[in-house]
K.L.:
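Can you keep this structure in mind? I'll have questions shortly.
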Amino acid sequence: TTTSVEKKAQNVHFIQEFIIFHAVVFNHATELYNEWCIWDDEKQTLKLLQYTIAALVGAVVLIFVVPVSYIFIGGVLLVFFGHSSCAVAIAAMASRRITRQISQTRRRAGSGEPVDVGEAPVEWVFATENERWWVGVGWAGKMGFGDPPHWCDIQGRSITGLNAVPLPTGWGWITEWQHEVTNDTDDRGWQYANTFWNHWANMNKRGKYCRRRFWKRRMQMLR
């Protein structure tokens, strides 16, 4: 029946968002590991060893002092409240900061720097388009828990589309929007990954549920 199909679709979406949530946590933990675990640094290694011993002592104390049932209940509550409005707000704020950092890095990486063409200064303006693959739907702008917005400007702020990218006062557009196509993208400018915080590839392979592409447009200072 239609009701059972809708119920199955809701269950599939819940499971997918649940997996996404844990994938994001795992990727953040991996990034922290790669950032902090510098084994060639003797001081850093000693500090990590001290933290590990302290964590083990704390875990032993926790197990003997706090009943296991309480620990289990706390874990269950953490999982369920991970989808609360507060958690969603925190995740959205973190995603905006990460998206802003990525956009700013990309702007500084090359063509985003100011260009003097002999007249008024010219600059590139960037925006990012994000999509997620859903069962039974395919690629769509409906984002999951902890994902960046479907459209966002260089600051990582959510926008309704390319026409909503603000133009600074005293500047005017001199080109139309175009998506970037490089060796790191496919022929339509898309990059693919299993999560929005993982390594990106230029091919849509199996297990890639996220994709993004960068749009750019030139503006020139009015005189």
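Note that the structure is predicted; figures quoted are calculated from it, not measured.
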K.L.:
Could you tell me which non-hydrogen atom of K208 sits nearest to which non-hydrogen atom of N204, and how far apart they are?
P.N.:
CB-OD1, 3.8 Å
K.L.:
Within this structure, what is the CH2-CG distance for the pair W151 and N163, rounded to the nearest 0.5 Å?
P.N.:
9.5 Å
K.L.:
My understanding is that only residues two or more places apart in sequence, or in another chain, count here; which of them pass side-chain hydrogen bond (donor to acceptor under 3.5 Å, both in side chains) with D186?
P.N.:
Y192
K.L.:
List the residues meeting side chain to side chain contact (heavy atoms under 4.5 Å, CB included) with D184, not counting sequence neighbours, and say none if there are none.
P.N.:
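So D184 forms a side chain to side chain contact (heavy atoms under 4.5 Å, CB included) with T182, Q191.
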K.L.:
For a 4.5 angstrom cut-off between non-hydrogen side-chain atoms, does W173 reach V125?
P.N.:
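Yes, side chains in contact.
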K.L.:
Can you see which heavy atom on G144 is nearest to which on W134, and at what distance?
P.N.:
N-CZ2, 4.0 Å
K.L.:
Drop me the distance from L162's CG to T128's OG1, to the nearest 0.5 angstrom.
P.N.:
10.0 Å
K.L.:
Please identify which of these residues, K142, R211, R188, meets the salt bridge (Lys or Arg N to Asp or Glu O under 4.0 Å) condition with E131.
P.N.:
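With E131 as partner, salt bridge (Lys or Arg N to Asp or Glu O under 4.0 Å) holds for just one option, R211.
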K.L.:
Looking at residues at least two apart in the chain, or sitting in another chain, which of them share a side chain to side chain contact (heavy atoms under 4.5 Å, CB included) with W171?
P.N.:
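Side chain to side chain contact (heavy atoms under 4.5 Å, CB included) list for W171, sorted by chain: P121, E123, L167, P168, M219, M221.
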K.L.:
Would you say the side-chain atoms of H150 pair up with the backbone N or O of N130, donor to acceptor, closer than 3.5 Å?
P.N.:
yes
K.L.:
Looking at NE2 of H179 and CZ of F214, how far apart are the two atoms once the value is rounded to the nearest 0.5 Å?
P.N.:
13.5 Å
K.L.:
Considering non-hydrogen atoms only, spot the tightest contact between W177 and R217 and give its length.
P.N.:
NE1-NH1, 3.3 Å
K.L.:
Can you sort out the partners of Y209 under ring-ring contact (aromatic ring centres under 6.0 Å, His included), two or more places apart, ordered by chain and number?
P.N.:
none
K.L.:
About how many Å separate CD of E180 and CH2 of W215, when rounded to the nearest 0.5 Å?
P.N.:
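So the gap between those two atoms works out to 11.0 Å.
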K.L.:
Indicate the atoms forming the closest heavy-atom contact of W200 with T195, along with that distance.
P.N.:
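Here W200 and T195 meet closest at CZ2-O, 4.3 Å.
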K.L.:
By side chain to side chain contact (heavy atoms under 4.5 Å, CB included), which residues pair with I174, not counting sequence neighbours?
P.N.:
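Only V122, R218, Q220 meet the side chain to side chain contact (heavy atoms under 4.5 Å, CB included) criterion with I174.
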K.L.:
Flag the pair W190 / T185 as yes when at least one side-chain heavy-atom distance between them is below 4.5 Å, and no otherwise.
P.N.:
no
K.L.:
What is the minimum heavy-atom distance between V181 and G189, and which atoms define it?
P.N.:
CG2-N, 4.0 Å
K.L.:
Under the rule for side-chain hydrogen bond (donor to acceptor under 3.5 Å, both in side chains), what residues qualify as partners of R213, not counting sequence neighbours?
P.N.:
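R213 satisfies side-chain hydrogen bond (donor to acceptor under 3.5 Å, both in side chains) with E129 only.
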K.L.:
Which heavy-atom pair separates C210 from N194 by the least distance, and what is that distance?
P.N.:
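Taking C210 first and N194 second, the nearest heavy atoms are SG-O, 3.7 Å.
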